[in-house]
Amino acid sequence: MAKTPQAIRGTQDIFGADAEAFAFVVETFERVRRLYRFRRVVMPVFEKTEVFSRAIGETTDVVSKEMYSFDDRGGESLTLRPEFTAGIARAFLSNGWQQHAPLKVATHGPLFRYERPQKGRYRQFHQIDAEILGAGEPQADVELLAMADHLLKELGITGVTLHLNTLGDGDSREAWRAALVDYFRAVKDELSEDSQERLEKNPLRILDSKDRRDQRFVADAPKIDDFLTDEAKAFFGAVTSGLDAAGVKWTRAESLVRGLDYYRHTAFEFIPDEGSEAAGKLGSQSTILGGGRYDGLMQSLGGAATPAVGWAAGIERLAMLVGDKGEPDADVIVVLEDDAQMASAQALISTIRKAGHSAELMATGSPRKRFDKAVKSGAETIVSLFSPDDGCLASRVRGSDEWQARIEELLARSRTSPRA
RNA sequence: GCGAUCGUAGCUCAGUUGGUUAGAGCGCCGGUUUGUGGUACCGGAGGUCGCGGGUUCGAACCCCGUCGAUCGCCCCA
């Protein structure tokens with residue numbers, strides 16, 4: 001026999017209760033984004049490689065080692081999207097969506113990153129995503145975060161806190177970065193091996209290193225607050241007071257930095273509280289929703305300076321926190337005890353479904369087992385069809401009085417109009 | 001890219017210090033009940049023990065390699 005091909009590493013075949021939880025997350029997101037008047041967009045799964053390399057930053061891990069890139073038949077380098085933001089920014093520029101600014105959009109779908117899979121982390125994973133394009137005022141950040149907070153509540157997720165930071169404007173961020181490099185370079189030999197490397201590539205990340213050798217120095221490291229311009233301070237102040245007014249709980253996270261080059265000003269992550277049930281379910285992954293302001297991104301793609309904010313959340317990670325959604329039982333199960341009544345059974349189940357009730361027909365395998373299966377399925381209402389000696393159709397309904405009456409009525413209807 | 005653990009039936013797993021024909025539960029298939037009732041009882045099918053080498057009289061078990069999975073590091077959603 002030929003060998004069965006295996007699934008690609010890091011991909012998932014989502015089924016059963018997991019698929020229900022996944023759908024619950026997406027459906028809830030769709031409902032909430034309408035409340036906030038975010039418009040639906042459907043984006044390509046792949047783009048020219050430069051869309052991502054220019055927007056995200058050549059030196060980031062995502063671009064330098066995690067992209068699924070390939071040459072198409074025309075010799076052009078394409079990449080399976082590792083995130084939504086860059087593609088949405090590209091669409092904003094190439095479709096003239098400036099005319100709709102400020103534009104609030106939402107989308108969801110698969111993303112691809114070549115990483116080692118582990119709990120809550122896959123090579124093909126799925127995100128929900130929300131962006132506000134062409135809005136430079138702190139009110140946009142507040143609205144976006146209020147929606148994220150609202151969504152998590154609608155999903156029933158607790159024990160998660162918004163961690164908030166500001167990276168200042170471009171100049172603030174650069175000055176802070178330079179100061180951090182100076183500070184850590186002086187003690188380079190005492191840092192962890194990872195952080196010695198981060199010093200060159202991504203010095204901001206040393207701040208949230210888990211290594212004790214690094215943590216000794218973090219407390220006295222230069223603070224972003226000392227490098228913020230007055231405007232940047234005022235902006236962050238407006239965001240935080242707006243969140244307070246909107247009833248969104250948050251905590252300041254001075255060392256929170258985001259990995260991608262394009263972030264400015266507001267940066268945030270929703271993270272499970274230490275020791276919470278949510279933290280346990282997520283394994284070593286912590287961030288379930290993250291994002292920030294990316295005022296410089298449009299220019300990196302050759303567009304006019306356009307302020308924007310956005311976030312994305314991992315559907316799989318959210319689905320791990322929403323509890324068991326299970327698959328709902330059928331409203332009605334029709335058990336065909338005599339195959340001679342097959343046509344009647346088909347007519348009845350069709351009528352039941354068209355009346356808006358979920359229904360399943362049990363008509364295969366040993367007739368004696370069919371009723372067993374129906375009972376095991378957990379359905380409250382079971383209709384069995386059989387033929388008494390006269391060969392006519394007879395039925396028995398097991399269920400509440402209300403359902404018995406309803407089924408009798410539907411049965412009568414299916415008899416009089418078999419094509420109903 | 002690095003590290004740890006683990007691969008036995010469709011699924012979840014047992015399998016003693018290496019020793020006849022590798023087991024259980026669930027699921028699947030069939031049978032039994034002369035029955036408004038049942039999630040019962042009996043039986044059956046299904047396994048190159050991930051794959052390839054090695055050690056041994058003999059390997060699911062020990063050794064090496066390889067593939068895969070899981071979890072962690074890095075990074076991220």
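Per chain, numbering begins at 1; letters A, B, ... match sequence-line order. Just the heavy atoms: all of them, side chains too, but no hydrogens, waters or symmetry mates, feed the values below.
Between B/rC75 and A/R198, a contact under 4.0 Å exists linking OP1 or OP2 to a side-chain N or O. Residue A/R116 has no polar side-chain atom (N or O) positioned under 4.0 Å from OP1 or OP2 of B/rC2. Between B/rA77 and A/R258, a contact under 4.0 Å exists linking OP1 or OP2 to a side-chain N or O. Distances shorter than 4.0 Å separate some side-chain N or O of A/S284 from OP1 or OP2 on B/rG72. Taking 4.0 angstrom as the limit, A/K210 places a side-chain polar atom (N or O) nearer than this to OP1 or OP2 of B/rC73. OP1 or OP2 of B/rG27 sits under 4.0 Å from a side-chain N or O of A/K376. Remark: A/Q285 is not in phosphate contact with B/rA77, judged by side-chain N or O atoms under 4.0 Å from OP1 or OP2.
Of the residues A/R293, A/E143, A/E137, the one that meets the side-chain contact (heavy atoms from CB on, under 4.5 Å) test with A/V309 is A/R293. Checked against A/E83 for a side-chain contact (heavy atoms from CB on, under 4.5 Å), the options A/I56, A/I88, A/V62, A/D129 give a single hit: A/I56.
One atom, CD of A/Q6, and another, C1' of B/rC67, lie 8 Å apart when rounded to the nearest Å. Here B/rU32 presents its P atom at 14 Å from CG of A/D372, a figure rounded to the nearest Å. At whole-Å resolution of the value, CG in A/D61 and P in B/rC73 are 15 Å apart. In this entry the distance linking CD of A/E115 with P of B/rC73 reads 13 Å, nearest Å. A/I157 has its CD1 atom 12 Å from the C1' atom of B/rA77, to the nearest Å. The NZ-P distance, from A/K119 to B/rA77, rounds to 20 Å in whole Å. Across the protein-nucleic acid pair, A/Y122 atom OH and B/rA69 atom P stand 13 Å apart, rounded to whole Å. Whole-Å rounding puts the A/Q118 CD to B/rG1 C1' distance at 13 Å.
Applying the Watson-Crick and G-U wobble criteria (two distances, each under 3.5 Å), B/rC41 pairs with B/rG31. The base-pairing partner of B/rG47, taking Watson-Crick or G-U wobble contacts with both distances under 3.5 Å, does not exist among the strands shown. For B/rG72, the paired nucleotide is B/rC2, the pair qualifying as Watson-Crick or G-U wobble because both relevant distances are below 3.5 Å. Within the shown strands, nothing qualifies as a pairing partner of B/rU56 under the Watson-Crick or G-U definition with both distances less than 3.5 Å. Searching all strands for a Watson-Crick or G-U wobble partner of B/rG18 with both distances below 3.5 Å returns nothing.
Nucleotides B/rA69 and B/rC51 place their C1' atoms 15 Å apart, quoted to the nearest Å. Taking atom P on both B/rA14 and B/rG58, the two are 29 Å apart, rounded to the nearest angstrom.
A donor atom on one side chain and an acceptor atom on the other are found under 3.5 Å apart for A/Q118 and A/S284. Remark: the A/E316 side chain and the A/H126 side chain contain an N/O donor-acceptor pair separated by less than 3.5 Å.
Nearer the 5' end of RNA chain B, as judged by each residue's closest nucleotide, is the contact made by A/A7, out of A/A7 and A/E83. Summary of the strand contacts: A/E316 and A/Y114 both lie near RNA chain B, and taking for each the nucleotide with the nearest heavy atom, the more 5' one is attributed to A/Y114.
Both tests hold for A/R396 against A/F386: distance to the six-membered ring centre under 6.0 Å, angle to the ring axis within 45°.
Judged by atom type and distance alone, A/R398 does not reach the base of B/rG38 through any side-chain donor-acceptor pair under 3.5 Å.
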